[in-house]
2 protein chains.
Amino acid sequence: MTEVPAFTSRTDYAASLLRQEILSGKMEPGDLLAESAVAVRLGVSRVPVREALFTLEREGFVEFSGTGRAFVKALSPQDFDELYTLRLALEPLAARLASPSVTCDARLLEKNIKDTNRAKTMLDVTRLDLEFHEIILEASGNGRLLKLWRSMRGELELWLGRLHRRHQVQKLDTRAETMRSHQTIVDCFKQQTPAACESLMRKHITGWREWLPVLPEGE
Amino acid sequence: MTEVPAFTSRTDYAASLLRQEILSGKMEPGDLLAESAVAVRLGVSRVPVREALFTLEREGFVEFSGTGRAFVKALSPQDFDELYTLRLALEPLAARLASPSVTCDARLLEKNIKDTNRAKTMLDVTRLDLEFHEIILEASGNGRLLKLWRSMRGELELWLGRLHRRHQVQKLDTRAETMRSHQTIVDCFKQQTPAACESLMRKHITGWREWLPVLPEGE
DNA sequence: ATGATACAAACGGTATACCGTCTGATTTTC
DNA sequence: GAAAATCAGACGGTATACCGTTTGTATCAT
């Protein structure tokens with residue numbers, strides 16, 4: 001956020017700012033992101049904005065209409081179900097692939113759990129939760145698998161962020177449960193077979209789905 | 001190929017032409033695709049070329065270096081293994097999801113098999129093979145699943161095309177086997193349970209992997 | 001002969017300007 | 001009063017020009 005504004009390109013700069021605005025809820029789902037307006041507002045020309053919008057589309061934050069206009073992505077419960085189905089297909093696989101090599105990464109995973117314990121907001125807890133899973137995807141050694149996961153991560157973050165903001169689910173503190181569950185995964189990586197890791201991850205994802213509060217109606 | 005050049009934009013036009021050049025083998029893996037040169041050659045300006053290159057990257061035909069230069073993608077046997085692993089994760093799932101709804105699409109699938117029988121070249125057989133699978137992905141009703149598959153399709157087409165060109169595997173005519181195997185899938189969709197469809201698709205993908213000739217060394 | 005340095009060409013990044021199209025509102029006509 | 005046509009504003013698509021950086025090569029010094 002407040003880091004040095006040393007972006008490699010204006011495209012990165014624009015993408016980063018827009019991403020933050022969308023995640024923070026400053027932009028509402030369905031809001032039009034017109035190239036010209038955004039370009040003026042961010043103080044860059046339209047070309048980098050255009051390319052940033054494409055990037056954000058790939059990341060799941062933005063969607064294009066048939067006529068090429070960009071909007072802040074709206075997510076329906078059905079969209080969320082799709083994401084859940086895909087997590088269930090990809091993450092247990094990643095856990096199995098990662099298990100032989102993840103010993104060296106167990107430190108990263110445990111650091112993540114400690115950070116989760118210190119996190120100040122539920123949004124940070126969510127972010128760290130997704131980061132935990134991404135570490136495993138990285139350790140899987142399958143670059144394409146990681147890419148696919150990353151193309152979904154934005155939408156997950158978007159969904160969970162909106163959920164928190166709209167329903168004040170801070171009341172429902174999932175932090176302890178998340179930490180406990182993640183710790184069992186780390187332990188499993190350390191001691192168990194790949195198949196056991198895969199199975200546990202499947203259970204974890206399924207359980208996560210059931211933990212979520214009642215979904216809000218479509219946007 | 002020889003269809004009416006009625007592209008909605010020059011970006012589409014450029015992407016289409018480049019895609020064809022790469023698939024046909026006119027461009028070698030590792031070849032530089034410099035914006036300026038391509039723009040001049042295709043008779044458009046650099047901006048649409050630039051965006052076409054991004055599109056082709058998403059589709060798997062092109063990769064960017066750290067400094068932003070675009071190259072025709074090179075694929076190693078390890079890349080291929082990654083793709084195989086992901087097919088095995090996604091396609092059986094798609095088959096399961098598609099099975100209740102695919103009855104209305106069985107006609108499409110059977111038309112595909114007939115087209116395969118008529119195909120003149122092995123490249124067409126390959127293209128139709130991938131199309132058969134994409135029909136099932138579409139029928140799964142999970143739009144994101146379809147998107148993930150499409151992000152891999154280009155690389156598969158690339159790999160298989162190069163395989164054919166380099167090793168003259170026309171000798172190894174997989175057409176009959178492909179048609180037979182696809183027909184059993186259609187039959188399964190018509191008569192069997194989702195779980196059976198899923199299982200059969202897993203078997204089909206595994207078998208497909210074993211059918212392929214010895215992989216060439218990395219590029 | 002070899003290494004470093006400097007220069008030139010090529011390439012990507014960006015701003016700007018122009019054009020065609022789409023959208024929506026107002027006016028005109030039946 | 002309603003429907004159709006027209007006009008204006010906004011937006012995306014594209015070409016062009018400029019700038020900074022990278023890259024490859026040639027030259028010069030050691």
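Not measured: the values here are computed from a predicted model. Chain letters run A, B, ... following the sequence lines, proteins first and then strands; every chain starts at 1. As a basis for the values below, the full set of heavy atoms in this structure was taken, side chains included, without hydrogen atoms, waters or symmetry mates.
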When you get a sec, tell me which of D:dT14, C:dT16, D:dT23 is the closest nucleotide to the side chain of B:Thr67?
-> D:dT23
Nearest-neighbour nucleotide for the B:Ser9 side chain, D:dA15, D:dG13, C:dT16 considered | D:dG13
Taken to the nearest whole Å, CZ/A:Arg50 to C1'/C:dG13 is 15 Å
If the plane angle is over 60° it's perpendicular, under 30° parallel, otherwise tilted; pick one for B:His133 and B:His204.
-> parallel
Between A:Phe71 (CZ) and D:dG12 (P), how many Å, whole number?
-> 9 Å
Identify which one of A:Val49, A:Val62, A:Leu56 satisfies the side-chain contact (heavy atoms from CB on, under 4.5 Å) criterion when paired with A:Leu33.
-> A:Val62
OP1, OP2 of D:dT14 versus side-chain N and O of B:Thr11: anything below 4.0 Å?
-> yes
Quickly work out the B:Arg46 CZ to C:dT14 P distance and round it to whole Å.
-> 11 Å
Specify the separation, in whole Å, of atom CD of A:Glu51 and atom C1' of D:dG13.
-> 13 Å
Which of C:dT16, D:dT16, C:dG12 is nearest the side chain of B:Ser36? It is C:dG12
A:Arg10 CZ to D:dT21 P, in whole Å, measures 12 Å
Selection from D:dG13, D:dA15, C:dG12 that lies nearest to any side-chain heavy atom of A:Glu35 | D:dG13
For the pair made of CG in B:Leu32 and P in C:dA10, what is the distance, rounded to whole Å?
-> 13 Å
Considering only heavy atoms from C-beta outward, does the side chain of B:Leu130 approach that of B:Glu157 to under 4.5 Å?
-> yes
Protein-nucleotide distance (A:Phe64, atom CZ; D:dG12, atom P), rounded to Å | 9 Å
Which nucleotide in the set C:dT14, D:dA15, C:dT23 lies at the smallest distance from any side-chain heavy atom of A:Arg69?
-> C:dT23
